[in-house]
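Okay, structure first, notes after.
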Protein chains: 2
Amino acid sequence: MTRHAAIRAQIEARILSGALRPGDKLPSEAELVAEHGVARMTASRALADLVAAGLVVRRRKAGSFVAVPRAEESLFGIPDLRATLGPGHAHAVLHRATRAATAADKARLGALPRGARVLALQVRHMAGAVPQAIEDRLINLAAVPEAAAEDFGAAPPGSWLLERVPWTEAEHRIGALAADAATAALLAVAEGAPCLVLDRLSRREGLPVTAVRFTYPGDRHAFTGRSTPRLREAPQPGMRIS
Amino acid sequence: MTRHAAIRAQIEARILSGALRPGDKLPSEAELVAEHGVARMTASRALADLVAAGLVVRRRKAGSFVAVPRAEESLFGIPDLRATLGPGHAHAVLHRATRAATAADKARLGALPRGARVLALQVRHMAGAVPQAIEDRLINLAAVPEAAAEDFGAAPPGSWLLERVPWTEAEHRIGALAADAATAALLAVAEGAPCLVLDRLSRREGLPVTAVRFTYPGDRHAFTGRSTPRLREAPQPGMRIS
DNA sequence: TAGTGGTCTAGACCACAGC
DNA sequence: CTGTGGTCTAGACCACTAA
C-alpha cells in the first residue's frame, strides 16, 4: 500500500466506524506531515482522495472536515423526496412498529443476528392532496438504535437516516409493477396501474442498516438524470425524481 | 486556469472533437513536460485527471491512450443489452428508415438544423425465444453519417454507437408505463402490463447524437446496481439489467 | 533492457477565508 | 494578518512491461 493510501485508509476507517462524525475536524496537512513523516504533497493527496470520495470537505484557513451528507444527493444519485417535491411536500407515517425480525424482514435486510429487532415503517408522501409515493421501510435497530425513539414527524426516515448514518454499500433495484389493491388505494390509482418501484438496501461495513421500497405511480413519477463523462471537478449531478 | 487543467483541457478537446480517436496514443509525460514547460508531476496530474474522467488509459512502458469505451459500462452505468443478456442474446432490426427529421423526431432529439436527416430504428432484443426489450432509436445522421450505411446486424445500435461516438452529455428518464397493444404484441405480454421504460438522449458538445427508448417487460427486467461512496480507485460498478 | 508511469520528497509561492 | 489549502518545481527511486 502506498503512503498516501495508508493515510487515507486510516482516516476513512475512523469516519466509517463512526469515531469521526460528520462535521468533525480532521488533522491539517501539517499535522499529518508531522504524524506520518511524509511530504506535504503526500498528505495532501490523501485528503484530496477523500474529497473525491465525498467523505471530506476542505476549506482554506478553516481546515478539513468530515463531510455532512446532503439529503439532496442521496444514494445512487436518487434524492429523497423532500428535496424533490419541495415545500408542498408532506409525509405521514401510516404504520410504525418495532418487532423482533421476522423471516420476511431477514429476507429484506439480509443476515441479522438472532433476536435482532427492527423498526418497520410505512410512510405516504403527498404533494398537496395527491399521493406521490409509498415508502415501506425496515430499519435495523442494532445499527441505528436511536431510530426507536424517533417519530419521523419532522423529517421522513430517508432524510433522517442519511444525516446520521454513514453508509459504505448499497444495492438498488428499479422495476415496474402493477399496483395491487392496497397500493392502488393508497396512491389513488386504479388497481393494476403501472408503478415504478425502487428497492434499496444500505449497509455500513457489512451491517444491514435499512431496506426500503418506494412505490411511485407510473403516471406521476420518473427518475431523470443528466450525466457527463465523470470528471473529477464536476461530480455527477445525479438523478431527480420528477 | 491552472497549468494542469490547461494541459488536460487541450487533450480533452482533441478527444471530444474527434481529432484523437479511441486507441490513439497520447504524448508521454516527458513530451508534455517539454511541450508545456512544466514539471513532470504537473503533466502527470493532467493525465491522471483524464484517467479519472474515463477518457484515457495508461500503461507502463506502452504510454497513454485514448480510452476505448467499453460497451459494458454505458451511460449512467446502464449497460447495453449485449453485455447484460450474454451469449444467448439476439437482436433483430424490425424497422429501419432514413428520412428528413419530422416534428416528432425534433421533439425527441432537440434542436436540429433545417433539412436534417435521421435514421429511425426499431430493434427487438431476445433471450432465446423470449422477448426482452424493444429499442426505438433515432440517430442524427449529421452527427453520425456512417450510421446510414450500417445495417446493425452484428452489433445492436447502442453498442455500435458507443464504440464510435464520444459523448459529452446525456439525459435519462426511467419510468413505468402500461404496454399498449403494439408493444404488448412485440414483448409477448398482456396489453396494459407494466413496463419499465428507459429514455436516453445523448449529445456531443451540444449536438444531438441519438435518442432512444428501451421498453422492458416489468416482470422480466429491472435495473439493479451496487454503489459505494465514490472512491477514486474503485469506480462505481454501475447498474445491471437483470 | 529501456521506456514509461507511479510515487515520493523538500522545498516554494500564492489565494483565500477566518481570525 | 496568518493559517490553511492549492498548486507547482526539479529532482529522485522504483515497478512494471513491452520491445
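- Each of A:L47 and B:M1 lies near DNA chain D, and the nucleotide nearest A:L47 is the one positioned closer to the 5' end.
- Summarising the geometry of A:L121 relative to A:P157, their closest heavy-atom pair is CD1-CG, 3.7 Å, with the distance given to 0.1 Å.
- The nearest whole Å value for the distance from the CG atom in A:L50 to the C1' atom in D:dG5 is 15 Å.
- In terms of heavy atoms, B:L119 sits closest to B:A147 at CD2-O, 3.6 Å.
- Rounded to a whole Å, the CZ atom of B:R59 is 10 Å from the C1' atom of D:dT17.
- For the pair B:E29 and A:K61, nearest-nucleotide mapping onto DNA chain C gives the more 5' position to B:E29.
- The CE-P distance, from A:M41 to D:dT4, rounds to 19 Å in whole Å.
- You'll find that the side chain of A:R60 is closest to C:dA15, out of C:dA2, C:dA15, C:dC8.
- Summarising the geometry of A:Q132 relative to A:Y216, their closest heavy-atom pair is O-CD2, 3.7 Å, with the distance given to 0.1 Å.
- OP1 or OP2 of C:dT9 sits under 4.0 Å from a side-chain N or O of A:T42.
- If you take CZ of A:R8 and P of C:dG6, they are 17 Å apart, rounded to a whole angstrom.
- Taking only side-chain atoms of A:R3, from C-beta outward, the nucleotide of D:dG5, D:dC8, C:dT9 with the closest atom is C:dT9.
- Side-chain atoms of A:T42 and A:R3 include no donor-acceptor pair closer than 3.5 Å.
- With hydrogens and angles ignored, no donor-acceptor pair under 3.5 angstrom links the side chain of A:R40 to the base of D:dT4.
- Straight-line distance from the CZ atom of A:R45 to the P atom of D:dG6: 14 Å, rounded to whole Å.
- Computed from coordinates, the B:H4 NE2 to D:dC8 C1' distance equals 10 Å when rounded to whole Å.
- OP1 or OP2 of D:dG6 lies within a sub-4.0 Å distance of a side-chain N or O belonging to A:R58.
- In this structure, the nucleotide among C:dG5, D:dT7, C:dC8 sitting nearest to the side chain of A:T2 is C:dC8.
- Proximity of A:S44 to the phosphate of D:dT7: no side-chain N or O atom is located under 4.0 Å from OP1 or OP2.
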Exercise. Are B:R58 and B:E29 close enough, and set up right, to give a side chain to side chain contact (heavy atoms under 4.5 Å, CB included), and what steps lead you there?
Worked result: CA-CA 11 Å; B:R58 311 186 70 184; B:E29 291 187 353; 2.7 Å; yes
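- Residue A:S64 places its side chain closer to D:dG5 than to any other of D:dG5, C:dG18, D:dT9.
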